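Here, residue 1 is the first one in the sequence, and each next residue gets the next number. Predicted model only: the values in this text are computed from it and were never measured.
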Amino acid sequence: MQFKNPIIGLCQQAAFMISAAKVDQCPDDQGFEVAFAGRSNAGKSSALNTLTHASLARTSKTPGRTQLLNFFRLDEERRLVDLPGYGYAKVPIPLKLHWQRHLEAYLGSRESLKGLMLMMDIRHPLTEFDRLMLDWSAASEMPMHILLTKADKLAYGAAKNALLKVQTDLRKGWGDGVTIQLFSAPKRMGVEEAQAVLARWMELEDTVPAE
Ligand SMILES: Nc1nc2c(ncn2[C@@H]2O[C@H](COP(=O)(O)OP(=O)(O)OP(=O)(O)O)[C@@H](O)[C@H]2O)c(=O)[nH]1
Ligand SMILES: [Mg+2]
């Protein structure tokens, strides 16, 4: 008998909830939340859309597009959050500080945050900001899973090699706790693997029989 994880159904029914400019505008801090973080233009919004089979999050060729915390509802107690991208040089400094503060306030205070999905462009992994996020999640014992995005931009062998290299660097710098996979939004590569991580963090079991 085959089993279907309920996360698949929940992702299909994902719906936009609210854009929060500040932490006090976020939805009630209860249940399970998973946040999508990463450098500007790394493919956070695209990954979110691919995982939810919807065009929920706005994607853009202009980096720095997502400047609010955007919440998407999966069910009564489960949410995904599209975080503003960090590290975009052309955002004016005051705005940058504003966002950094709010991002830090969110990350540092959110009880329902169960894990961080970190998007890294496979051609530019482990930027200075990625390393800060890794340090932060290690220090605060926040589970982290990395999607190496835009894997379609490399041949399969080259993508695999890039994955192995980053994996080695992660082990050296942050131990075995951080998991990582290849991902491509247009090719829908790595969708099931990423959904399995969401299911684990959101405490969803493989209990619903497939139709
Ligand atoms: N080829 C390819 N392009 C991608 C992939 N993911 C994202 N892109 C493109 O990369 C650009 C940025 O994607 P977004 O998803 O908007 O990136 P983001 O991280 O949300 O960016 P900000 O909201 O600005 O921080 C867009 O032009 C996407 O179409 C991918 O897996 N493969
Ligand atoms: Mg975005």
A.B. asks: Quick one: are L147 and L118 in side-chain contact, heavy atoms under 4.5 Å?
C.D. replies: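 When only atoms from C-beta onward are counted, L118 and L147 do not touch, as no gap falls below 4.5 Å.
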A.B. asks: Answer yes or no: are there more than 12 heavy-atom neighbours, outside D28 itself, under 6.0 Å from its atom CG?
C.D. replies: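 No, CG of D28 has 12 or fewer neighbouring heavy atoms, counting only those of other groups under 6.0 Å.
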A.B. asks: Can you sort out the partners of K153 under side chain to side chain contact (heavy atoms under 4.5 Å, CB included), two or more places apart, ordered by chain and number?
C.D. replies: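 Testing K153 for side chain to side chain contact (heavy atoms under 4.5 Å, CB included), a comparison that skips the adjacent residues, returns R123, K150.
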A.B. asks: May I ask you to decide if L10's main-chain N or O and Q13's side chain share a donor-acceptor pair within less than 3.5 Å?
C.D. replies: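 Side chain of Q13 to backbone of L10, a donor-acceptor pair under 3.5 Å: no, none is there.
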A.B. asks: Can you tell me how far the CD atom of Q167 sits from the NZ atom of K160, to the nearest 0.5 Å?
C.D. replies: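 If I round to the nearest 0.5 Å, the distance is 8.5 Å.
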A.B. asks: Ignoring hydrogens, what is the shortest heavy-atom contact between T149 and A42? Give both atom names and the distance.
C.D. replies: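 Taking T149 first and A42 second, the nearest heavy atoms are OG1-O, 2.6 Å.
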A.B. asks: Atom CE in M119, atom OG in S45: separation rounded to 0.5 Å?
C.D. replies: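 With rounding to 0.5 Å, CE (M119) is 9.0 Å from OG (S45).
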A.B. asks: With rounding to the nearest 0.5 Å, note down the distance linking CG in L48 to CZ in F36.
C.D. replies: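 Between atom CG of L48 and atom CZ of F36 there are 4.5 Å.
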A.B. asks: Yes or no on side chain to side chain contact (heavy atoms under 4.5 Å, CB included) for T168 and K172, after CA distance, side-chain angles and deciding distance?
C.D. replies: CA-CA 6 Å; T168 307; K172 274 191 215 148; 4.1 Å; yes
A.B. asks: Is the closest basic N to carboxylate O distance between E76 and R73 below 4.0 Å?
C.D. replies: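 Result for this pair is yes, salt bridge flagged.
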A.B. asks: Please report the interatomic distance CD1(I7) to CG(L198), rounded to the nearest 0.5 Å.
C.D. replies: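 These two atoms lie 5.0 Å from each other.
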A.B. asks: Please give me the minimum heavy-atom distance between E33 and R110, naming the atom from each residue.
C.D. replies: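 Nearest heavy atoms, E33 then R110: OE1-NE, 2.7 Å.
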A.B. asks: Mind checking whether L148 and F183 have side chains closer than 4.5 Å, heavy atoms only?
C.D. replies: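 The answer is no; the side chains never approach within 4.5 Å.
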A.B. asks: Got M202 and K114 here, is their nearest side-chain heavy-atom distance under 4.5 Å?
C.D. replies: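 SC-SC contact between M202 and K114 ruled out.
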A.B. asks: Identify the two heavy atoms, one from C26 and one from L69, that lie closest to each other, and give their separation to 0.1 Å.
C.D. replies: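 Where C26 meets L69 most closely, the heavy atoms are SG-CD1, 4.1 Å.
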A.B. asks: Taking the side chain as C-beta and beyond, is there a heavy-atom pair between F129 and M133 under 4.5 Å?
C.D. replies: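 Contact flag for F129/M133 side chains = no.
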A.B. asks: So, do H145 and W201 sit near enough that their side-chain heavy atoms are less than 4.5 Å apart?
C.D. replies: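 In contact.
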A.B. asks: Give the minimum heavy-atom separation between L126 and M120, together with the two atoms involved.
C.D. replies: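 Heavy-atom minimum between the residues: N-SD, 3.4 Å.
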A.B. asks: With a 4.5 Å heavy-atom cut-off, do N41 and D121 have their side chains touching?
C.D. replies: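 They are not in contact (no side-chain heavy atoms under 4.5 Å apart), so the answer is no.
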A.B. asks: May I ask you to decide if E77's main-chain N or O and D75's side chain share a donor-acceptor pair within less than 3.5 Å?
C.D. replies: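 The answer is yes, because a donor-acceptor pair under 3.5 Å joins these two groups.
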A.B. asks: Locate the shortest heavy-atom distance separating V23 from S109; write the atom from each residue and the value.
C.D. replies: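 Answer, listing the atom of V23 first, then S109: CG1-OG, 4.0 Å.
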A.B. asks: Has R78 got its NZ or CZ under 6.0 Å from the middle of the six-membered ring of F32, at an angle within 45 degrees of the ring axis?
C.D. replies: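 Geometry flag: set, cation within 6.0 Å and 45°.
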A.B. asks: Which pair of heavy atoms, one from K44 and one from A37, lies closest together, and at what distance?
C.D. replies: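 Taking every non-hydrogen atom into account, CD-C, 3.4 Å.
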A.B. asks: Is it true that a side-chain atom of T52 and a backbone atom of Q12 form a donor plus acceptor pair closer than 3.5 Å?
C.D. replies: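 Checked: no pair found.
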A.B. asks: Between Q195 and L51, is there a donor-acceptor pair closer than 3.5 Å when you use the side chain of the first and the backbone of the second?
C.D. replies: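 The answer is yes, because a donor-acceptor pair under 3.5 Å joins these two groups.
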A.B. asks: Name all residues meeting the side-chain hydrogen bond (donor to acceptor under 3.5 Å, both in side chains) criterion together with W174; count only those two or more places apart in sequence or in a different chain, and write none if there are none.
C.D. replies: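 Checked W174 against side-chain hydrogen bond (donor to acceptor under 3.5 Å, both in side chains); matches are D135.
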A.B. asks: So S112 and R79, do their side chains get closer than 4.5 Å, heavy atoms only?
C.D. replies: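 Yes, their side chains come closer than 4.5 Å.
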A.B. asks: Do N70 and V81 pass the side chain to side chain contact (heavy atoms under 4.5 Å, CB included) test, and can you show the C-alpha distance, the side-chain angles, and the key distance before you say yes or no?
C.D. replies: CA-CA 6 Å; N70 289 308; V81 193; over 6 Å; no
A.B. asks: Name every donor-acceptor pair, under 3.5 Å, that has one atom in a side chain of residues 184-194 and the other anywhere in the protein, sequence neighbours excluded.
C.D. replies:
residue	atom	partner	partner atom	Å
S184	OG	D152	OD1	2.8
S184	OG	K187	N	3.1
R188	NH1	T50	O	3.4
R188	NH2	H53	ND1	3.2

A.B. asks: Mark yes or no for whether D130, through its side chain, and T127, through its backbone, hold a donor-acceptor pair below 3.5 Å.
C.D. replies: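 The answer is yes, because a donor-acceptor pair under 3.5 Å joins these two groups.
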A.B. asks: Please examine the side chains of L116 and L107, heavy atoms only from C-beta on, and report whether any two atoms are closer than 4.5 Å.
C.D. replies: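 In short, these two side chains touch, coming nearer than 4.5 Å.
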